[in-house]
Amino acid sequence: MKTRYAILSDIHSNLPALQAVLRHLESTGPVDGIWCLGDMVGYGPYPNQCIELLRQQKHLAIPGNHDWAAIGRLDTTDFNPDAATANRWTARQLTGGSRQYLEGLSETLMVDDFTLAHGSPRYPIWEYITSASIAGACFSYFQARFCLVGHTHEPALFVYDEGKGTCRQQELPEGLWKPDKGRWVINPGSVGQPRDGDPRASYLVYDDGEGVFYHHRVPYDITATQEKMMEEGLPSWLVERLTYGY
Ligand code: ZN
């Protein structure tokens with residue numbers, strides 16, 4: 001039976017971006033669920049609303065560093081000052097229900113051919129997979145064919161050559177992508193704070209029947225998010241960067 005899953009990461013309390021992605025997803029046809037790769041909250045102005053909207057969907061989720069910091073499971077000394085400020089604001093906003101939801105998430109998940117980890121399968125909460133050498137070192141930390149990660153906010157693909165024991169990076173194109181044989185680390189980019197120079201929300205749909213992925217970029221009302229951030233007194237650099245997708 002053919003199944004389709006949406007892969008979302010780093011929503012970061014950006015409700016207009018999440019709403020736009022869900023509307024777009026609906027327009028692509030029915031899906032069997034959403035896999036959310038962490039950092040639902042942090043940076044943006046709508047933490048509870050994003051969690052509530054996500055909870056209305058059939059979904060699985062794992063936590064990111066911002067989620068853990070917001071519930072006090074991680075301290076923010078390694079955060080940059082703006083991220084730490086936004087995180088303290090987030091922690092004050094979270095309702096009991098949101099907190100409970102974030103507390104209940106396990107660090108990694110395995111579903112069919114996929115391992116889900118926010119940063120990497122080696123250090124799920126913190127490691128950034130920013131190069132082929134880091135990705136290459138991570139392949140022995142998961143068994144599945146695919147490992148889905150977020151955290152860097154940049155769409156990316158890494159493929160492992162079992163014979164040579166080497167890993168190379170490949171661009172994740174917009175639209176249809178059919179993976180070659182082999183094992184992959186896949187980053188869908190960020191819904192709520194893209195950092196690859198494209199301000200549009202980024203996400204993936206996986207089609208099990210065809211064995212293909214679709215990489216979608218979705219415009220959303222950036223100004224609406226920015227105005228709410230200013231109203232809440234969130235750091236201005238965090239407001240500005242949404243314009244540039246950086
Ligand atoms: Zn993030």
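In each ligand, atom 1 is the first atom listed, and ligand 1 is the first ligand listed.
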Handout entry: Trp184 reachable from Val149 in the ILVMFWY side-chain graph, under 4.5 Å edges
Key = no
Practice task
Applying ring pair (Phe, Tyr, Trp, His ring centres under 6.0 Å), name anything that partners Trp237, two or more places apart in sequence or on another chain.
Solution key: none
Practice task
Around the Zn ion (ligand 1), list the protein N/O/S atoms within a radius below 2.8 Å, excluding water molecules.
Solution key: Asp10 OD1, His12 NE2, Asp39 OD2, His153 NE2
Problem - Check: Arg195 side chain, Gly245 main-chain N or O, donor-acceptor pair, under 3.5 Å - result: no
Completion exercise
From the list Phe114, Trp177, Tyr5, ring pair (Phe, Tyr, Trp, His ring centres under 6.0 Å) with Tyr206 holds only for Phe114
Exercise for the section: Identify, with sequence neighbours excluded, every residue that meets ring pair (Phe, Tyr, Trp, His ring centres under 6.0 Å) alongside Tyr101. Expected result: His59
Exercise for the section: With sequence neighbours excluded, tell me which residues meet side-chain contact (heavy atoms from CB on, under 4.5 Å) with Ala156. Expected result: Phe158, Gln169, Asn187
